[in-house]
Number of protein chains: 2
Amino acid sequence: MSVTKTLFPLVSVDVALFSIERDRLGVLLVKRANEPELHRWALPGGVLKPDLDANLESAARRVLQAKISVDVPHLEEVRTFSGAERDPRGWSVAVLFYALLPADRVQAVISSKIEEAKWAPAARTGHRLAFDHDRQLDAALGALRRKVEEHTLPLHLLPSRFTLTALQHTCELILERRFDKAAFRRRLKTSSDLQAVPGEFVRGVQRPAQLYEARPGFTFARSSS
Amino acid sequence: MSVTKTLFPLVSVDVALFSIERDRLGVLLVKRANEPELHRWALPGGVLKPDLDANLESAARRVLQAKISVDVPHLEEVRTFSGAERDPRGWSVAVLFYALLPADRVQAVISSKIEEAKWAPAARTGHRLAFDHDRQLDAALGALRRKVEEHTLPLHLLPSRFTLTALQHTCELILERRFDKAAFRRRLKTSSDLQAVPGEFVRGVQRPAQLYEARPGFTFARSSS
DNA sequence: GCAATAGTGTCTATTAGACAATATGGG
DNA sequence: CCCATATTGTCTAATAGACACTATTGC
């Protein structure tokens, strides 16, 4: 093992990519094609390349592009995972991001994938993931839920135009909890995140439902500084 | 410049150490003793040493110990700052933490310091800090304020025993906003974070004030996962 | 008693949840 | 008309802020 491995940590990014699929909150898993942890399911991730990446967030976008050919509308840092034990290749730092993908682009991801990939229920994947990715997924899901819990709207998980019922249903899938319809809508009325699309409705065997879209400038990111 | 510099990023940790001093929220600044940014005030920080550090949080603790000989009761990751431009030495990743120091240990830090250090008002230091540390301090202060805003008690900024008035005053200094006394105390009564110390009071020219302490197991950390 | 701060009680405005009522298109 | 779902209204409980009141000590 070279000297650099003990003096420089391995820096990588991992991404928990969330979307709504099969009426649940799903996370994208990829099957590892290399040692270590060959053939085990994992969050998409990759090693930072300073010559290619402007910063860690760019690295995360590059990884998603390389593994599953997808551009995501929202990407946010969660936290780091570090130490000598988490990866057998040596002392490593993984910077975890989560990303949101609109539900209407779920199929595109699977069909354009480069490596073997699949959607799994975010809360219970049914696999033991590679490395510390089970903990990472827990942390990413916790971060997403906290945001929605504090009333930030996960609009990036929806098509560009959506009904209030669809939005409520999305929040319910994330938090695994039902909301009261009247209270939910009352809150949205006083929010500046949404605007109705005049004259646009979804029709069915019932009263037409008004379509809404995100106000220009809407962002899921926290008002950090 | 060696090849390693372009293949491996420089990984370092920076710490915004907060405390209450001179009746305000202070942050500890150290004067840089080396190039680059020689003699400029900065957040204490240092390069990760995989042979010494179990993980990034340990690295942050080691840096505080080395620069100002202090052990902090609370340390929490904020986010990363990364890219080729933030440090003239090359592509770098800085992992930012904030730390809380009890007010009764403020003097000890300054007197035991190894490098030149001082406390400055956290919200307006009065300096342009080295590298991107102005942005880092903004982010750390934002993270601390969000926590207090969502009703987490910054008990690590107080002595082990304190009055409710002192606790309220600390919160007010952090958020730069006054609270209503009755509402503040009502909230604390239903919280499980505090317990009265039976028979312990602070006496003065007024009615004695009950002393409180943190319940065993209290933590300022977020219930992440 | 007086000053000073500790600690409590009360009123009101706001908000969330429960639940019911009304609206409107397709068949 | 009937069904299904959209959308709105009402009642109530919980909570936060404003403000005032009472309590207890040193002097």
Side-chain angles (χ1 to χ4, degrees), chain A residues 20 23 103 145-155 158-159 161-214, chain B residues 20 23 103 145-155 158-159 161-214:
Chain A
I20 304 295
D23 202 42
R145 284 178 170 163
R146 256 198 310 281
K147 289 286 282 291
V148 176
E149 198 81 68
E150 70 193 21
H151 293 174
T152 310
L153 299 175
L155 303 188
L158 294 155
R161 292 173 171 193
F162 49 85
T163 64
L164 298 188
T165 301
L167 173 55
Q168 178 177 348
H169 189 60
T170 296
C171 292
E172 290 176 338
L173 292 179
I174 294 170
L175 297 182
E176 296 186 337
R177 179 162 66 79
R178 302 295 303 276
F179 298 145
D180 180 81
K181 183 165 56 165
F184 189 80
R185 281 157 186 255
R186 231 179 357 227
R187 192 148 58 64
L188 297 181
K189 280 240 179 66
T190 63
S191 142
S192 58
D193 291 339
L194 294 186
Q195 61 189 17
V197 186
E200 292 287 328
F201 295 89
V202 169
R203 294 170 177 285
V205 188
Q206 76 285 6
R207 176 172 172 178
Q210 174 70 57
L211 279 170
Y212 287 80
E213 63 189 7
Chain B
I20 304 295
D23 203 43
R145 284 178 169 164
R146 257 197 311 279
K147 287 287 282 290
V148 176
E149 198 82 69
E150 69 193 22
H151 293 176
T152 310
L153 300 174
L155 303 187
L158 294 154
R161 292 172 171 193
F162 49 84
T163 64
L164 298 187
T165 302
L167 173 55
Q168 179 177 347
H169 189 59
T170 296
C171 292
E172 289 175 341
L173 292 178
I174 294 170
L175 296 181
E176 295 185 338
R177 177 161 67 79
R178 302 296 302 276
F179 297 147
D180 179 79
K181 182 166 57 163
F184 189 79
R185 284 159 185 252
R186 233 180 354 228
R187 195 149 56 65
L188 298 181
K189 279 238 180 67
T190 64
S191 143
S192 58
D193 290 339
L194 295 186
Q195 60 189 20
V197 186
E200 292 287 327
F201 295 90
V202 169
R203 294 171 177 283
V205 188
Q206 76 285 6
R207 176 173 173 175
Q210 174 70 56
L211 279 170
Y212 287 80
E213 62 188 9

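Chain letters run A, B, ... following the sequence lines, proteins first, then strands; residues in each count from 1.
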Residue whose nearest DNA chain D nucleotide is more 5′ - A/A209 or B/Q206: A/A209

Atom-pair distance (CD on A/E149; P on C/dA16), nearest Å: 13 Å

Among D/dA6, D/dG26, C/dG7, the one nearest B/V205 by side-chain distance: D/dG26

Reported NE2-to-CG distance for the pair B/H169 and B/L173, which is rounded to 0.5 angstrom: 4.0 Å

Polar pair under 3.5 Å, donor/acceptor by atom type, side chain B/R186, base D/dG17: yes

Nearest-Å distance for atom pair CZ/P, residues B/F162 and C/dT5: 21 Å

Gap separating the CZ atom of B/F162 from the CG atom of B/L194, nearest 0.5 angstrom: 5.0 Å

Over 12 foreign heavy atoms within 6.0 Å of CZ, A/R187: yes

Rounded distance in Å - CZ (A/R207) to C1' (D/dA4): 13 Å

Spacing of CD belonging to A/E213 relative to CZ belonging to A/R161, to within rounding of 0.5 Å: 5.5 Å

B/H169 NE2 to C/dA6 P, straight-line distance once rounded to whole Å: 11 Å

Whole-Å distance separating the CG atom of B/L164 from the P atom of D/dA23: 19 Å

B/D180 CG to C/dC11 C1', straight-line distance once rounded to whole Å: 13 Å

Closest-nucleotide 5' rank along DNA chain C - winner of A/R187 and B/Q210: B/Q210

Touch class at under 4.0 angstrom, heavy-atom based, for A/T165 against every strand present: sugar-phosphate

Sugar-phosphate only, base, or nothing, as touched by B/R203 at under 4.0 Å among non-hydrogen atoms: sugar-phosphate

Selected nucleotide, minimal atom distance to A/A183 side chain, candidates C/dG17, C/dA18, C/dT8: C/dG17

D/dT7 OP1/OP2 closer than 4.0 Å to side-chain N/O of A/K189: no

Interatomic distance where CG belongs to A/L188 and P belongs to C/dA16 [whole Å]: 11 Å

Spacing of B/F179 atom CZ relative to C/dG7 atom P, expressed in whole Å: 18 Å

Nearest-nucleotide pick for B/K181, side chain only, options being C/dC19, C/dG7, C/dG9: C/dG7

Separation between CZ of B/R185 and OG1 of B/T165, rounded to the nearest 0.5 Å: 4.5 Å

